[in-house]
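These values consider heavy atoms only, across backbone and side chains, with no hydrogens, waters or symmetry-generated copies.
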Amino acid sequence: MKRLFALLFLPLLLVGAPAEVVNLYSGKPQELPGEGAWSLAAAHGRILATGQAENGRISLNLPVLEPGSTLEATLTFGGGPERKLRFHSLQPLRGCSALPLHPDDARLAEQLKALGLGEGDGEKLPVIGSRFEANPGRLTIVFSTKSDFPLPLPAAWKSLTLHHAKIPGRLSVYASKKENLADADGDGSCLEIRLDAKTRLLLLTPGFDLGEIENVLLLKQILKEKQP
């Protein structure tokens, strides 16, 4: 069985993009590496905070932002270049919605609700959960676990796209004349399986941690841009 290496990447989430912005939460302590005196300024120049690094770490704690909002800022400190920061509210998914989750996924539902995800019944809203099964006419986002793999992929797929994001995942894809499999021995963050023009499965890497702001923003981008 042949492993597929050269697959497409998710735009805007490539590692090493120029002038990369550091995403952080507002409303709770955040730390960055740095030395000496530091200053944090908003995009319009207003000083938001100043301080002194301790043990090579800069500690930031901005007041909580309104749900779904962001704040652009620039961090300057002695001995280092400026760093572009983007602070997010504690509910980055505010403004995104999905169908209600299955009762078996109650814990996941609680996590997503706390992050601001709404529920609805619109015909274009995606399905989110742990079940690897397509829902005709919808995008289905699947939170996988290591025990799901190796995972046979639907035979009737139109395209397979392995995406790589800022936080490396563990997904890989193997192909043969008999079957295609997803496995957890690679570095893919999510696998998009298109079955027809409106029906897709999007398999997230095992260990997809919603405690990481970058993963939450990846999910937000999928919800906003990847709906049929």
Side-chain angles (χ1 to χ4, degrees), residues 1-18 20-25 30 32 86 88 92-93 96 98 101-102 104-105 107-112 114-117 126-135 138-154 157-176 179-195 199-228:
M1 184 170 289
K2 181 179 180 181
R3 180 173 175 179
L4 302 184
F5 289 95
L7 296 175
L8 299 179
F9 293 80
L10 192 60
L12 306 180
L13 291 169
L14 296 179
V15 177
E20 184 176 355
V21 174
V22 179
N23 291 294
L24 300 167
Y25 277 117
Q30 306 282 274
L32 291 171
R86 182 178 295 122
H88 298 262
L93 297 183
C96 300
L101 274 68
H102 190 277
D104 290 347
D105 294 318
R107 183 174 179 275
L108 175 60
E110 290 178 2
Q111 288 181 287
L112 294 171
L115 291 167
L117 183 70
V127 175
I128 300 178
S130 59
R131 297 184 174 191
F132 187 70
E133 55 185 35
N135 292 271
R138 296 185 189 270
L139 168 66
T140 302
I141 301 171
V142 182
F143 281 74
S144 69
T145 63
K146 184 66 169 64
S147 62
D148 293 329
F149 299 94
L151 181 65
L153 301 180
W157 59 268
K158 300 296 183 182
S159 66
L160 298 176
T161 308
L162 186 64
H163 299 294
H164 294 73
K166 284 186 177 180
I167 298 179
R170 300 168 63 184
L171 291 176
S172 59
V173 180
Y174 293 85
S176 73
E179 63 179 348
N180 296 305
L181 295 173
D183 213 336
D185 59 355
D187 60 3
S189 299
C190 56
L191 174 64
E192 185 177 0
I193 305 152
R194 183 178 294 274
L195 301 177
T199 304
R200 285 168 298 157
L201 286 160
L202 199 142
L203 181 67
L204 297 174
T205 182
F208 190 85
D209 183 5
L210 289 174
E212 295 282 352
I213 181 65
E214 294 295 348
N215 283 341
V216 177
L217 296 178
L218 172 58
L219 180 60
K220 180 177 182 177
Q221 181 171 343
I222 291 167
L223 289 168
K224 284 187 171 294
E225 298 184 6
K226 292 290 185 179
Q227 296 186 34

Review point. Does a side-chain heavy-atom distance below 4.5 Å link L223 with P126?
Key: yes
Point to revise | Point-to-point distance, once rounded to the nearest 0.5 Å, from CG of L162 to CD1 of I193 | key: 10.0 Å
**Study point:** Pair D148-L203, side-chain contact (heavy atoms from CB on, under 4.5 Å): steps then yes or no
**Key:** CA-CA 11 Å; D148 293 329; L203 181 67; 5.9 Å; no
Review point. Below 4.5 Å, heavy atoms only, C-beta onward: do E214 and N23 meet side chain to side chain?
Key: yes
Review point. At their closest point, which heavy atom of R138 faces which heavy atom of V127, and how far apart are they?
Key: CD-CG2, 3.9 Å
Exercise for review: Could you tell me whether the side chain of I167 reaches within less than 4.5 Å of the side chain of T205, counting heavy atoms only?
Suggested key: no
Check your understanding: For the atom pair CD1 (I222) and SG (C190), what is the distance rounded to the nearest 0.5 Å?
Key -> 4.5 Å
Check your understanding: Measuring from L115:CG to L93:CG, what's the distance to the nearest 0.5 Å?
Key -> 5.0 Å
Study note, to complete from the structure: The side chain to side chain contact (heavy atoms under 4.5 Å, CB included) partner of L204 among L191, I141, N215 is I141
Review point. Which heavy atom of P154 sits nearest a heavy atom of L201, and at what distance?
Key: CG-CD1, 4.0 Å
Practice item. Check whether any side-chain heavy atom of L181 sits under 4.5 Å from a side-chain heavy atom of F149, and report yes or no. Key: no
Review point. Can you tell if the side chain of L218 reaches within under 4.5 Å of the side chain of F208, non-hydrogen atoms only?
Key: yes
Check your understanding: Closest approach of H164 and D187, non-hydrogen atoms and distance?
Key -> NE2-OD1, 2.9 Å
Check your understanding: When rounded to the nearest 0.5 angstrom, what is the spacing between CD in E192 and CZ in R200?
Key -> 5.0 Å
Revision key, fill the gap. Rounding to 0.5 Å, atoms NE2 (H88) and NZ (K220) come to a distance of 7.5 Å
Check your understanding: Does a side-chain heavy-atom distance below 4.5 Å link P152 with F132?
Key -> no
Review point. Of the non-hydrogen atoms in V21 and K166, which two are nearest, and what is the gap between them?
Key: O-NZ, 3.4 Å
Review point. Does the side chain of P92 reach to within under 4.5 Å of the side chain of I213, using non-hydrogen atoms?
Key: yes
Review point. Do we see a donor-acceptor contact under 3.5 Å between the side chains of D185 and S172?
Key: yes
**Study point:** Side chain to side chain, L112 and L219, heavy atoms closer than 4.5 Å
**Key:** yes
**Study point:** Minimum heavy-atom distance D105-S130, with the two atoms named
**Key:** OD1-OG, 2.7 Å
Point to revise | Closest heavy-atom pair and its distance - P206, T145 | key: CB-C, 3.8 Å
Point to revise | Distance in Å, L101 CG paired with Q111 CD, rounded so as to fall on 0.5 Å steps | key: 10.5 Å
